[in-house]
Amino acid sequence: MLERPVTLVAAGGPGSVRIVTERGPALVVRAGALLRGIVVESADQQRPALVVESGSPVFEQCEFLGARAETAGGSTPIFRRCAFRRTALAGLYARERSTVRIEHCEFEAIHGHALVGADSAMLEVHESLVRDPAGAGLRLLGEARADVRDGTFTGCQDPGAVVADAGALRMVGCRIAGGAAEGIRVDGSSSTRSPGPRRPAPVADPEAPTPGQILNTLSHGPLSDLHGVVIEDCDIADAALEAVVVGGGEVRLDRTRLTGARRAGLLVGGSARVELHDCAVAGAGDSGVLVRGTARLRASELDVVGCAGHGVAGAEHAEIELVDSRLTDTSKTAINLIGQAIVRATRTVLRETRGHGVHAREHAIAELTECSVESCARDAVRVEGAADAVLRDSEFARSRIGIVLATRHHPVLRGCRVRETERTGVVVGPGGMPTLSGCTVTDTGAGGIFLDHGSAAQIEDCRIERTGDGGIVVAAQATPTVRGTVVTGSREAGLRFFNGAGGVFEDCRVVVRYDGPPAVQLGENATPVLRDLREELEEGDAPVEPLLAASAEGS
């Protein structure tokens with residue numbers, strides 16, 4: 001037991017002096033001692049090999065074997081260039097109010113968690129390596145806090161880092177690779193909105209500060225102000241499960257890459273709150289980002305690429321906000337929403353998906369503003385069931401169908417552009433009542449806008465150009481209201497009304513070719529009201545033929 005300041009140095013170099021016990025701690029420290037090159041070993045796996053109960057000891061180039069090192073009370077030890085190997089239960093266990101600084105240390109083959117913080121302990125970990133622990137690389141319980149800089153965690157059998165209860169974690173410049181579980185798991189954390197009381201900061205002697213005084217001054221500064229979980233400039237690769245799981249608490253990821261996870265790149269659930277800035281998710285075996293429960297996710301400059309599931313998926317009551325983000329090369333839908341999930345995307349690009357661009361079902365809501373959705377193997381946007389959508393100033397290009405509104409709610413499209421679709425530009429499903437204003441539909445393989453049975457769309461100031469079928473095609477019992485809209489370049493009639501179709505068309509314009517199809521084609525018993533409908537001839541073409549053509553074509 002060391003109860004007064006002393007210096008112990010291994011005369012023959014590191015490892016030449018060993019303190020060994022068969023039962024109980026090999027060494028108890030209660031003072032500001034300095035130990036260099038000492039091996040501390042215990043065969044008693046249930047109790048620690050080293051206990052630091054008080055004081056500010058410094059351990060340099062020491063090795064801890066067989067049983068864990070433990071810090072307690074208000075102790076403030078420093079471990080510098082030390083090794084923790086084959087220790088039981090944990091490598092280092094910090095509890096109570098202890099504050100521990102760890103520099104350039106190695107934790108290898110720990111039979112438990114490599115680093116544990118409990119109660120209100122604080123850990124500062126710098127440029128250290130954790131390799132192949134049987135548990136987690138780092139585990140925080142209670143109100144423990146950890147600041148980890150430039151660390152490497154490999155081969156963890158539990159998550160690389162776990163935060164629970166009201167803990168707080170900052171990881172900067174770290175790499176978590178491989179392992180048999182998640183890269184990082186957050187089951188709970190302190191709140192970033194209510195930091196609570198701050199510990200009073202001790203003042204170091206300016207003439208001759210001790211290591212403990214320096215450590216305390218640092219730890220009562222930025223680390224004591226840390227709340228929630230902050231991951232910055234980190235790389236989390238090849239997790240056997242998800243790269244990051246957040247089941248509770250508040251988490252922020254900045255400039256962090258999540259690559260090669262076997263399941264989702266990021267899974268957010270419960271009541272968690274997560275913010276992402278300038279992050280990337282690549283090569284996930286399932287969805288890039290999955291949000292469910294009542295969780296909230298806000299992401300800016302998020303890049304999701306090459307995922308085997310959806311790019312971003314929302315379920316239950318999740319809320320997702322995407323700003324200036326990119327979702328590319330997803331095997332399923334780029335944004336998939338079910339339940340009552342909501343996504344609000346602004347200036348976001350969705351492209352090269354083998355499914356839909358956006359798919360909203362059940363009671364989900366999709367809001368897209370100034371977005372681009374292109375190169376979808378299926379539909380750019382598909383809204384079904386009781387789902388709803390608000391699409392503003394966005395472009396939808398090179399998909400099977402541009403936009404499918406198969407919902408009886410009231411989707412709104414304002415200032416949108418749909419172009420280069422394999423089939424129809426916009427489809428309004430049976431009974432649908434969307435509003436389209438200031439939109440353009442161009443270069444479609446089939447009709448420009450198709451209004452299915454019983455629908456009652458409101459269409460105003462739109463333009464439909466170069467369609468493979470009619471510009472606006474109205475099915476039986478559909479009663480659209482169309483104002484101030486231009487149809488030009490249709491291969492069939494500009495306005496096609498199937499048997500029994502109706503609606504009101506006011507102040508519209510249809511541009512036709514002299515030798516082409518008529519401006520309007522009426523099926524049997526079609527009864528649309530056409531007010532101030534103007535038929536114009538394409539520039540340079542011959543005089544105009546009759547405006548209307550009757551047809552007995554069925555619906």
Side-chain angles (χ1 to χ4, degrees), residues 288 302-307 310-312 322-337 343-360 366-384 389-406 411-429 434-451 457 459 461-473 485-491:
L302 171 65
D303 195 353
V304 179
V305 60
C307 295
H310 306 297
V312 171
L322 303 173
V323 180
D324 298 321
S325 296
R326 298 158 299 280
L327 312 180
T328 307
D329 187 26
T330 53
S331 294
K332 296 182 181 178
T333 298
I335 297 179
N336 188 69
L337 304 172
V343 68
R344 299 181 180 93
T346 304
R347 297 185 302 277
T348 291
V349 176
L350 287 62
R351 61 192 305 270
E352 296 177 11
T353 173
R354 291 181 283 285
H356 302 297
V358 178
H359 194 184
E367 295 185 14
L368 275 63
T369 303
E370 298 180 43
C371 293
S372 174
V373 184
E374 59 182 65
S375 301
C376 304
R378 302 184 72 182
D379 308 329
V381 175
R382 188 174 188 90
V383 184
E384 296 180 319
V390 179
L391 312 178
R392 306 181 188 93
D393 303 316
S394 296
E395 183 168 84
F396 309 91
R398 295 189 296 278
S399 59
R400 182 181 64 177
I401 297 175
I403 300 172
V404 178
L405 305 174
V412 175
L413 281 66
R414 299 190 188 281
C416 292
R417 301 168 298 282
V418 180
R419 62 181 176 85
E420 299 175 56
T421 61
E422 178 184 340
R423 301 181 188 174
T424 305
V426 178
V427 173
V428 177
T435 297
L436 288 75
S437 63
C439 297
T440 61
V441 179
T442 62
D443 300 302
T444 66
I449 299 177
F450 176 70
L451 307 172
I459 302 173
D461 297 328
C462 293
R463 186 175 183 89
I464 298 99
E465 299 179 340
R466 299 185 297 278
T467 60
D469 195 351
I472 299 178
V473 181
T485 292
V486 176
V487 178
T488 180
S490 300
R491 292 183 185 176

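Computed from heavy atoms alone, side chains included, the values below leave out hydrogens, waters and symmetry copies.
- Put simply, the side chain of R351 does not reach to within 4.5 Å of the side chain of D329, judged on heavy atoms.
- The two residues C462 and G438 make their nearest non-hydrogen contact at SG-N, 3.9 Å.
- Atom CD of E420 and atom CD of E395 lie 8.5 Å apart (nearest 0.5 Å).
- Contact check for V383 versus L405: side-chain heavy atoms found under the 4.5 Å cut-off.
- A 4.5 Å side-chain heavy-atom check between V473 and T424 finds every atom pair outside the cut-off.
- Using a 4.5 Å cut-off on side-chain heavy atoms (C-beta onward), T444 and F450 make no contact.
- Of the possible donor and acceptor atoms, one in the side chain of S394 sits under 3.5 Å from a partner among the backbone N and O of C371.
- The neighbour count for R491 CZ, taken as heavy atoms of other residues, nucleotides or ligands under 6.0 Å away, does not exceed 12.
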List the steps, then state whether side-chain contact (heavy atoms from CB on, under 4.5 Å) holds for T488 with R463. CA-CA 8 Å; T488 180; R463 186 175 183 89; 4.0 Å; yes
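- The heavy-atom pair separating G415 from R417 by the smallest distance is O-NH1, 3.4 Å.
- Without hydrogens or angle criteria, S325 side chain to V323 main chain gives a donor-acceptor distance under 3.5 Å.
- With contacts defined as side-chain heavy-atom distances shorter than 4.5 Å, the pair V358/L391 does not qualify.
- With hydrogens and angles ignored, the 3.5 Å screen pairs no side-chain donor or acceptor of H356 with any backbone N or O of T333.
- Considering only heavy atoms from C-beta on, S437 stays 4.5 Å or farther from D461 through its side chain.
- Exactly one residue among R392, R344, R347 makes a side chain to side chain contact (heavy atoms under 4.5 Å, CB included) with T369. That residue is R392.
- Counting only heavy atoms from C-beta outward, the side chains of R414 and V390 never approach each other to under 4.5 Å.
- Between T346 atom OG1 and D324 atom CG the span is 8.0 Å, to the nearest 0.5 Å.
- The distance from atom CZ of R382 to atom CG of L337, rounded to the nearest 0.5 Å, is 14.5 Å.
- Across every non-hydrogen atom of S490 and G471, the tightest pair is OG-N, 3.3 Å.
- Distance alone, capped at 3.5 Å, places no donor-acceptor pair between the T421 side chain and the G402 backbone.
- In this structure, OG1 in T330 is found 7.5 Å from CG in L350, a value given to the nearest 0.5 Å.
- Between D443 and R419 there is no salt bridge, since no side-chain nitrogen of the basic residue lies less than 4.0 Å from a carboxylate oxygen of the acidic one.
- Between L368 atom CG and C416 atom SG the span is 8.5 Å, to the nearest 0.5 Å.
- The only member of T467, I464, I449, V441 that meets side chain to side chain contact (heavy atoms under 4.5 Å, CB included) when paired with V487 is I464.
- No option in L413, V428, V373, L436 other than L413 meets the side chain to side chain contact (heavy atoms under 4.5 Å, CB included) test with I403.
- Side chains of S399 and D379 form no contact here, defined as non-hydrogen atoms less than 4.5 Å apart.
- How far CZ of R378 is from CZ of R354: 13.5 Å, rounded to the nearest 0.5 Å.
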